[in-house]
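Here is how names work: the chains are called A, B, and so on, in the same order as the sequence lines, proteins then strands, and each is numbered from 1.
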Amino acid sequence: MGKKRLIFLLAITMVLVVVLSACSSKEGSDKASSASDTGETTISLWVLNDQAAYLKPILESFQKDNPTIHVEATYYGTDPLKESLKVAASSKTLPTMWFTWGGSLGAFYPENGLTMDLTETAASHKWSDIYNSAALDMVKYDNKTSGIPFHVASLGMFYPKELYAKLNLNPPTSFAEFEQQMGKIKESGITPLAVGGKGGWDVMRLTEQLLEHFAGPELHDKLNALEASWADPAVEKSFEKLKEWSDKNYFEKGFITLDPLEAETPLYQKERAYALTGPWIDTNISGAGNAPDSFGVFKFPNDQPKVRMSSFTEMFQISGSADGKEQEAAVKLGEYITGPDIVNKYIDQYGAPALKEFTFSKQSPHTSEMAGMIGDGSFLISDQALPQAVVQKLFEAQDAVVLGEWTPAQAGQEIQKAVETYKSGN
Amino acid sequence: MKIKYWKPWTFVLPALVAYLIVIVAPSLYTLRLSFFSWNGIAADKKFVGIKNYTYLLTEDAVFRVALRNNILWMAGSLTVIIGLGLMFALLLNRRLKGRSVFRSIFYFPYVLSGIIVALMWTWLYHPTKGFFNVILQQIGLSQLTHPWLADPKTALAAVFVAAVWQGVGLPMVLFLAGLQSIPRDCYEAAIIDGAKPRQSFRYITIPLLSETFVVVFATTLVNAMKVYDIIYGMTAGGPAQSTQVLSSWMYYQTFKFNNIGVGSAISWVLVLITMIIIIPYVYYTNKKSHL
């Protein structure tokens, strides 16, 4: 009887030990960070899978140059990264440094006091001499620098030069001319626009340029800042035009749920005329066996005196709760990854860097061309400019208008309702 | 006497502790969160009572679409997936040549991840180059070609067909195991008594599969209520939110819009619906089997 009681007590004790040890992770992490007392620092970094090709060798060379800093990189898909960051933020387990997008996506972390304020670092390290001013502006929240600029990209209309030559066309200089060209291309048996509606963001690129055309830059900026009503006639006209293009079959049949990348693929084979996208398309064109310079690019002709392009930024943010030594190491790593030496070395795979000056890649000729095009200014891409709940309503409105479930006027009203719901909750 | 009382608890305790920590505690915490307005980070959570629930039921049109879709999905799963699973199990329980191969073929889709299935079926449904529309064109039925995933009227059904293809293997395997545990004597006695195959099925197979039905019903119901990856992969909830389900809308509310309270409320609506159906069913079948 006594033996059985002993076994029972041992079992209970073991369960309690397991439970209590699971609750003692903080103490465990304190022990792990004590490695910093030996002069070594370990920093965790969360980035995207599709950046691994160039980030892996960059991280290796960084650690060679900085043997006392260990970088533990974790690679995620786009949505898993967003999700993991939110979970980590709410459980106070954010990595030392992470990749994120600008606008409303990246603003969540500084708005909630989770990021390191890099304003002083930016001034003392003279970032204004290194990064372009648009990039530096886009990583600021409440006038504080909250991220290390990584990429800045703008969107232009890409077209196959061969198709244009065959139809005797030149890049359009006005909205009317662009529409005429789409009509001509459709008559020749080619679907003009390579757009995939799944996820909403690819159609949004056209919608926001239609807004720029019909609303003008001032109202467009106010709409994005939620300072003007979306039930405006200019918004209605934009949706009317989207519906008109859909009804004229300027998009592929069933485009509304096509994956954007899948929808873009026929463009590489010259089976579509236009894609509103960024210079990273060069890599896709090369991958499909074509020369990137066989494609041209022009700014979406929105008929404004200064033709603004949609643009967005990507950055590295650093945890505000990491200790000073880890933050210092993270800044060093961020500046290393985004600095001119590394950018120029990996420019073929790097994308559009946020630097003032860099060596242009022959494999990505449009990066330099588009960097020159942005001189007239840009507006922040809608899915970063607007709160995410409003973005989702915008995507729903696009689909509903194209499918004839909402009128263009109703689309504007529904978005405005979402804006008001968002405002009332904040 | 005391030890006799406590002994079973010592065996159950480790699993019970794990269950309480991993399932019960987070669920109750989520229930608590559903009464707050919170972005997941801010130090202050604002208590709003049942406002998140009333918002969902009275103001959130997408929630109502998602709820309707979940109910349709659940009804379809409980009839089509269980029905087909039972049918395949009955067929493959017979002495057929190559039945092991067929069992593997029918079970194989179940081991694939939802995203892989979503990718495959998205291609099959491609509006211009997809298998279904190309076949329809080639047999002269081009008027029946359709953008299956792009039309709100057909999108959910199209995704459901893919889910049936993937999901039918699990009930089939469970029913097969149940069928093989039924003694042959029962059928032989029924034949001697002059029972027809249909009567054997009605009065022997179905009653003796009742335990299996409980497991199949519960797993199919739970899988139907938590459906997410195949919908996210094939339509991302579109077009125009027409294929949103509760799990996907919970994801959007929680991780995209930072409305932790609303997301938590959706998850508890899911739990409640599942409980309302599953508890009476399990109670009834258990009671019946112990009569």
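Residue Q398(A): no heavy atom, backbone or side chain, is found under 4.5 Å from chain B. Of the atoms belonging to N39(B), heavy atoms from both backbone and side chain fall under 4.5 Å from chain A. For chain A, no part of W148(B) is nearby; none of its heavy atoms comes within less than 4.5 Å. Heavy-atom distances place no part of T243(B) under 4.5 Å from chain A, backbone and side chain included. With a threshold of 4.5 angstrom between heavy atoms, L258(A) approaches chain B through side-chain atoms but not through N, CA, C or O. In this structure, no portion of K82(A) lies under 4.5 Å from any heavy atom of chain B. Only the side chain of K129(B) comes within contact range of chain A, with at least one heavy atom under 4.5 Å from a heavy atom of that chain. Contact of E405(A) with chain B is made through the side chain alone, with heavy-atom distances under 4.5 Å. Using a 4.5 Å cut-off between heavy atoms, Y252(B) contacts chain A through its side chain alone, with no backbone atom that close.
Ranking G199(A), G200(A), S90(A) against chain B, the residue ahead of the rest is S90(A), based on heavy-atom pairs under 4.5 Å. Comparing P147(B), A236(B), P152(B), A61(B) by heavy-atom pairs within less than 4.5 Å of chain A, the highest count is held by P152(B). Among N258(B), I260(B), T235(B), the residue with the largest count of heavy-atom pairs under 4.5 Å with chain A is N258(B).
Ring geometry, W245(A) versus F251(A): the interplanar angle falls from 30° to 60°, so the pair is classed tilted. Between W123(B) and H126(B), the ring planes lie parallel to each other; the angle is under 30°, not in the 30° to 60° tilted range.
The six-membered or imidazole ring of W230(A) lies away from that of F239(A), with a centre-to-centre distance of 6.0 Å or more. Separation of the W46(A) and F99(A) ring centroids does not fall under the 6.0 Å cut-off.
Within 6.0 Å of atom CD1 in I50(B), 12 or fewer heavy atoms from other residues, nucleotides or ligands are found, so the atom counts as exposed in its surroundings. No more than 12 heavy-atom neighbours from other residues, nucleotides or ligands sit within 6.0 angstrom of NZ on K417(A).
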I would like to know whether F108(B) and W165(B) meet ring pair (Phe, Tyr, Trp, His ring centres under 6.0 Å); could you show each step before the answer?
CA-CA 10 Å; F108(B) 166 72; W165(B) 178 81; 7.3 Å; no
Stepwise side chain to side chain contact (heavy atoms under 4.5 Å, CB included) test for H146(B) and F132(B):
CA-CA 9 Å; H146(B) 192 72; F132(B) 296 118; over 6 Å; no
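The backbone N or O of S27(B) sits less than 3.5 Å from a side-chain atom of W268(B), completing a donor-acceptor pair. Checked by atom type and distance alone, the side chain of S246(A) never pairs as donor or acceptor with a backbone atom of L242(A) at under 3.5 Å.
For the pair D60(B) and R64(B), the salt-bridge criterion is not met [side-chain N within less than 4.0 Å of a carboxylate O]. In summary, R272(A) and E252(A) engage in a salt bridge, as defined by a charged side-chain N under 4.0 Å from a carboxylate O.
Proximity to chain B among residues 101-117 of chain A is limited to F108(A), N112(A), L114(A), judged by heavy-atom separations below 4.5 angstrom.
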